[in-house]
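This report refers to the structure that appears directly beneath it.
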Amino acid sequence: MTEPAFQSDFLRTLQARGYIHQITHPAELDAAAAAGVVAGYIGFDATAPSLHVGSLIQIMMLRRLQQAGGKPIVLMGGGTTKVGDPTGKDASRPQLTDETIQSNIASIKTVFEKFLTFGDDPTDAVMLDNDAWLSTYGYVEFLREYGTHFTINRMLAFDSVKLRLEREQPMTFLEFNYMLMQSVDFLELNRALNCTLQMGGSDQWGNIVSGVDLVRRVDHKAAFGLTTPLLTTASGGKMGKTAQGAVWLNAEQLSPYDYWQFWRNVDDADVGKFLRLFTDLPLDEIARLEALEGAGINDAKIRLATEATTLLHGETEALAAQLTAKLAFEDGKTSAGLPTVELPRDEVIGAMIAAVTTKAGLTTSNGEARRLAQGGGLRLNDEPVADGARLIEAADINADGVLKLAAGKKKIVLVKPI
């Protein structure tokens with residue numbers, strides 16, 4: 001099937017870089033984007049103090065919209081977070097206090113300021129909180145105003161609901177209302193800011209289509225929906241999930257060095273895709289990097305890591321992470337800037353190196369650590385350790401009070417006994 005030839009810079013860019021999965025009215029949206037400023041939004045619930053890298057594709061979509069002359073709207077879900085998006089979940093999210101939600105929003109906002117230009121000009125980004133309108137509705141008023149536009153039959157057919165029920169997992173009536181609330185968000189933004197585009201991941205398609213339909217049915221105005229593909233790694237894993245946990249975007253949750261290392265360690269087959277989605281490099285340069293083979297692919301990974309880290313943490317932090325990695329891995333000269341893991345002293349001194357390696361997060365099991373050692377991939381203070389049962393001694397702790405553990409060529413931490 002031949003892809004449509006878009007006229008607008010916005011959709012041409014999204015298509016060329018691999019952002020587009022579904023569009024509700026592609027020809028209309030293309031014409032609108034080519035004719036003037038399109039305001040588009042993406043919603044983000046504030047369930048934690050930081051978003052993780054799984055949300056980065058959505059942040060980059062807003063960046064692409066602004067780069068193409070559109071107006072990005074960041075909608076924080078102060079209201080919807082109180083309910084919890086049931087999409088892809090087998091259990092209800094824990095309910096957060098208003099104070100926690102607002103604290104999370106304030107923390108998350110600092111990340112968006114790295115990717116978007118906020119202000120009062122027509123194409124400047126704005127950040128809003130849907131609690132501003134959702135909390136003003138009376139229950140009966142909300143049902144009378146919007147309940148007639150949603151049928152239970154159709155809501156049960158959407159994947160976010162159907163899959164939950166098929167797995168015989170309970171869905172509360174509170175969560176069942178999430179689709180209505182998200183749809184009303186689109187209507188409110190359309191009325192207040194002439195927002196005509198809602199974007200999100202492919203798992204949000206049902207919610208997005210419902211919002212598009214609500215705007216068109218109630219106010220008879222243009223409204224469009226666009227989703228990105230479900231983003232997985234070449235190995236089939238979920239983007240942003242590692243053995244050590246989520247890859248957070250806020251530096252307080254994950255250091256710039258660890259963030260750089262995440263991108264440096266991606267699968268070879270993902271490098272080109274990730275360069276297109278998560279950096280501003282020109283497509284011809286990406287094509288050159290993607291074509292590198294053998295040891296050259298490591299140069300492409302380093303470029304990916306440095307470019308992605310520069311966008312989030314700035315050039316200084318990105319180059320510092322790159323230099324730290326080079327000295328630590330290639331030259332073995334420095335421990336400065338490496339991530340430090342604190343462990344109880346009695347779990348380090350006298351313990352098997354395989355156990356310490358696992359507790360430090362370098363391996364997922366002691367067996368993996370032992371196999372790594374047998375294969376020559378485990379190092380203690382830059383020296384290979386062939387036996388995973390080798391015990392850590394007090395003499396292994398250096399003058400700085402730490403020992404340096406490395407698993408393979410890509411993972412390295414300092415362990416500090418406390």
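Proximity of a side-chain donor or acceptor of Thr136 to a complementary backbone N or O of Trp133 within less than 3.5 Å is detected. Here the side chain of Thr310 pairs a donor or acceptor atom with the backbone of Thr306 at under 3.5 angstrom. Judged by distance alone, the side chain of Asp129 and the main-chain N or O of Asp131 form a donor-acceptor pair under 3.5 Å. Using a distance-only test at 3.5 Å, with no hydrogens or angles considered, no donor-acceptor pair links the side chain of Asp185 to the main chain of Asn130. Remark: the backbone N or O of Leu249 is paired with a side-chain donor or acceptor of Ser50 at under 3.5 angstrom.
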Quick one, Asp9 with Arg12, criterion salt bridge (charged side-chain N to carboxylate O under 4.0 Å, His left out). Give me CA distance, side-chain angles, the key distance, then yes/no. CA-CA 5 Å; Asp9 289 341; Arg12 280 205 307 265; 2.5 Å; yes

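In summary, the side chains of Asp124 and Thr117 do not present any donor paired with an acceptor at a separation below 3.5 Å, with no hydrogens or angles considered. Using a 3.5 Å distance cut-off with no hydrogens or angles, the side chains of Asn207 and Gln198 do not pair a donor with an acceptor. With hydrogens and angles left out, the side-chain atoms of Glu317 and Thr309 include no donor and acceptor closer than 3.5 Å. Gln67 and Arg64 share a donor-acceptor pair across their side chains, judged by distance under 3.5 Å alone.
In terms of heavy atoms, Ala39 sits closest to Asn194 at CB-O, 4.0 Å. In plain terms, the two heavy atoms of Ile286 and Leu275 that are nearest each other are CD1-O, 3.5 Å. What you find for Glu290 and Lys273 is that their closest heavy atoms are OE2-N, 4.5 Å. Of all the heavy atoms in Ala325 and Trp260, the pair that sits closest is CB-CZ3, 3.5 Å. Taking every heavy atom of both residues into account, Gly225 and Trp205 meet most closely at O-CZ3, 4.4 Å.
Remark: Arg288 engages Glu285 in a salt bridge, criterion side-chain N to carboxylate O under 4.0 Å.
Residues Leu226 and Met61 have side chains in contact (heavy-atom distance under 4.5 Å, counting atoms from C-beta outward). Between Val348 and Leu403, the closest side-chain pair of non-hydrogen atoms falls below 4.5 Å.
Shown here are the side-chain contact (heavy atoms from CB on, under 4.5 Å) partners of Val126, two or more places apart in sequence or in another chain: Lys71, Ile73, Leu193.
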